[in-house]
Amino acid sequence: MGKIIFYEDRNFKGRSYECGSECSDLHSHFSRCNSIRVDSGDWMVFERPGYMGYQYFLKKGEYPDYQQWMGFNDCVRSCRLISTSQSSHRIMIYERPELGGDTMELTDDCPSLNELFNRNDVYSCNVRDGYWIFYEQPNYRGRQYLMNPGEYRRFNEWGSTTSRVGSIRRIAV
């Protein structure tokens, strides 16, 4: 079980809403979100309903304003509890769409794709084990994309408008 509390104002003030499972539309519970407290579990919060738009990964902790979770604005409209029961992690990344071209396998975090593989683009991938986060910039910064187990034949399938991936991190217990 997980528990996340959303607050309309900064520093955990204003109207709040407590959530213990995924919710595809939070709009009826609050109009804006300026702070979040994660009491348990790992969460992905999304800018738009239906798990769309900007994505933000949150671990247990306090986030007194949206900049603390690297948010671009105070808009949070859906959330999902992430399963972290996997003990092993393995992802295959590809230089071309449709799982084509050169492939690279990762089993650990990668703070700079460019330093490790001399490239900043991932056109497709296959998440074999565990859950991962793609970051648009090196050192786990910029837009984030939750990668569940399965095949992603094109970068738009994970919600991105570009193939740019600067860093990759495992979601580990």
Side-chain angles (χ1 to χ4, degrees), residues 1-86 89 91 109 121-127 130-173:
M1 282 296 291
K3 181 179 169 186
I4 187 169
I5 306 165
F6 301 95
Y7 298 86
E8 284 196 334
D9 298 326
R10 291 174 189 217
N11 298 312
F12 318 106
K13 296 190 183 340
R15 197 164 97 179
S16 66
Y17 175 70
E18 184 177 309
C19 189
S21 62
E22 72 177 43
C23 183
S24 66
D25 193 354
L26 293 164
H27 184 68
S28 63
H29 304 292
F30 50 86
S31 61
R32 64 187 182 280
C33 181
N34 279 292
S35 54
I36 297 175
R37 179 175 286 128
V38 177
D39 284 344
S40 58
D42 290 335
W43 293 83
M44 205 69 173
V45 298
F46 300 82
E47 177 193 33
R48 296 188 352 221
Y51 317 109
M52 303 293 285
Y54 294 129
Q55 305 175 31
Y56 309 105
F57 175 67
L58 303 176
K59 296 176 94 73
K60 183 178 179 177
E62 294 187 343
Y63 304 85
D65 64 66
Y66 65 81
Q67 293 154 341
Q68 296 295 312
W69 67 78
M70 293 190 283
F72 291 104
N73 56 46
D74 64 358
C75 194
V76 171
R77 293 290 180 256
S78 52
C79 66
R80 179 170 274 157
L81 182 62
I82 301 169
S83 170
T84 55
S85 59
Q86 293 281 347
H89 289 78
I91 186 170
D109 297 345
D121 294 302
V122 174
Y123 285 90
S124 56
C125 72
N126 185 353
V127 179
Y131 293 79
W132 297 76
I133 303 227
F134 281 2
Y135 293 83
E136 198 172 47
Q137 298 174 20
N139 299 311
Y140 316 113
R141 295 187 351 225
R143 291 183 180 157
Q144 306 169 32
Y145 303 98
L146 174 63
M147 307 303 292
N148 296 310
E151 289 184 354
Y152 298 83
R153 297 188 160 279
R154 298 187 179 281
F155 57 80
N156 65 332
E157 291 181 2
W158 63 76
S160 182
T161 58
T162 174
S163 62
R164 182 165 177 81
V165 176
S167 50
I168 302 173
R169 179 177 271 166
R170 297 165 299 136
I171 299 176
V173 179

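One-based numbering along the sequence shown.
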Open item on the list: Keeping Glu157 on the side-chain end and Arg153 on the backbone end, is there a donor-acceptor pair under 3.5 Å?
Closed with: yes
TODO: Indicate yes or no: at least one non-hydrogen side-chain atom of Trp69 is less than 4.5 angstrom from one of Cys33.
DONE: yes
Open item on the list: Could you report the tightest heavy-atom contact between Gly71 and Tyr56, atom names first, then the distance?
Closed with: CA-CE2, 3.5 Å
Open item on the list: If I compare all heavy atoms of Arg141 with all of Ser167, which pair ends up nearest, and what's the gap?
Closed with: N-OG, 4.3 Å
TODO: For the pair Arg15 and Asp9, find out whether any cationic side-chain nitrogen is under 4.0 Å from an anionic carboxylate oxygen.
DONE: no
- [ ] Could you walk me through whether Glu18 and Asp39 pass side-chain contact (heavy atoms from CB on, under 4.5 Å), step by step?
- [x] CA-CA 10 Å; Glu18 184 177 309; Asp39 284 344; over 6 Å; no
Task: Gap between atom NE2 of His29 and atom SG of Cys19 - 0.5 Å precision - done: 7.5 Å
- [ ] Provide the closest heavy-atom pair for Ala172 versus Lys59 in the form atom of the first, atom of the second, distance.
- [x] O-NZ, 3.9 Å
Open item on the list: Once you measure the plane-to-plane angle for Phe30 and Tyr17, does it fall in the parallel (<30°), tilted (30-60°) or perpendicular (>60°) bin?
Closed with: tilted
Open item on the list: Is it the case that the side chain of Asp65 and the backbone of Ser35 share a donor-acceptor pair, with hydrogens and angles ignored and the cut-off at 3.5 Å?
Closed with: no
Task: Side chain proximity check, Cys125 to Trp132, heavy atoms < 4.5 angstrom - done: no
Task: Leu146 side, atom CG; Ile133 side, atom CD1 - distance, nearest 0.5 Å - done: 6.0 Å
Task: Pairwise side-chain contact, Tyr131 with His89, heavy-atom cut-off 4.5 Å (strictly under) - done: no
- [ ] Measure the CG-OG1 distance between Asp121 and Thr162 for me, rounded to the nearest 0.5 Å.
- [x] 6.5 Å
Open item on the list: Nearest 0.5 Å, please: how far is NZ in Lys13 from OH in Tyr7?
Closed with: 10.5 Å
Open item on the list: Within this structure, what is the CD-OG distance for the pair Glu8 and Ser16, rounded to the nearest 0.5 Å?
Closed with: 9.0 Å
Open item on the list: Test side-chain contact (heavy atoms from CB on, under 4.5 Å) on Val45 and Leu26; report intermediate values, then the result.
Closed with: CA-CA 10 Å; Val45 298; Leu26 293 164; over 6 Å; no
Task: Nearest non-hydrogen partners of Val127 and Tyr152, listed with the distance - done: CG2-CE1, 4.0 Å
- [ ] Assess whether side-chain contact (heavy atoms from CB on, under 4.5 Å) is satisfied between Phe6 and Cys79, documenting all intermediate values.
- [x] CA-CA 10 Å; Phe6 301 95; Cys79 66; 4.0 Å; yes
Open item on the list: Test your reading of the model: is there a side-chain donor-acceptor pair from Ser78 to the backbone of Arg48, 3.5 Å cut-off?
Closed with: yes
Task: Nearest heavy-atom neighbours spanning Pro49 and Arg77 - done: N-CB, 3.3 Å
Task: Met44 side chain reached by Tyr51 side chain, heavy atoms, under 4.5 Å - done: no
Open item on the list: Side chains of Asp42 and Phe57, heavy atoms from C-beta outward: is any pair under 4.5 Å?
Closed with: yes
- [ ] Take Tyr54 and Gln144 through the side-chain contact (heavy atoms from CB on, under 4.5 Å) test and state the conclusion after the steps.
- [x] CA-CA 7 Å; Tyr54 294 129; Gln144 306 169 32; over 6 Å; no
TODO: State, to 0.1 Å, how close Glu47 and Cys75 come at their nearest heavy-atom pair, and which atoms those are.
DONE: O-SG, 3.4 Å
Open item on the list: Is any side-chain heavy atom of Phe134 closer than 4.5 Å to one of Ile91?
Closed with: yes
TODO: Answer whether the closest heavy-atom distance between the side chains of Asp109 and Arg169 falls below 4.5 Å.
DONE: yes
Task: Point-to-point distance, once rounded to the nearest 0.5 Å, from NZ of Lys3 to OG of Ser21 - done: 13.5 Å
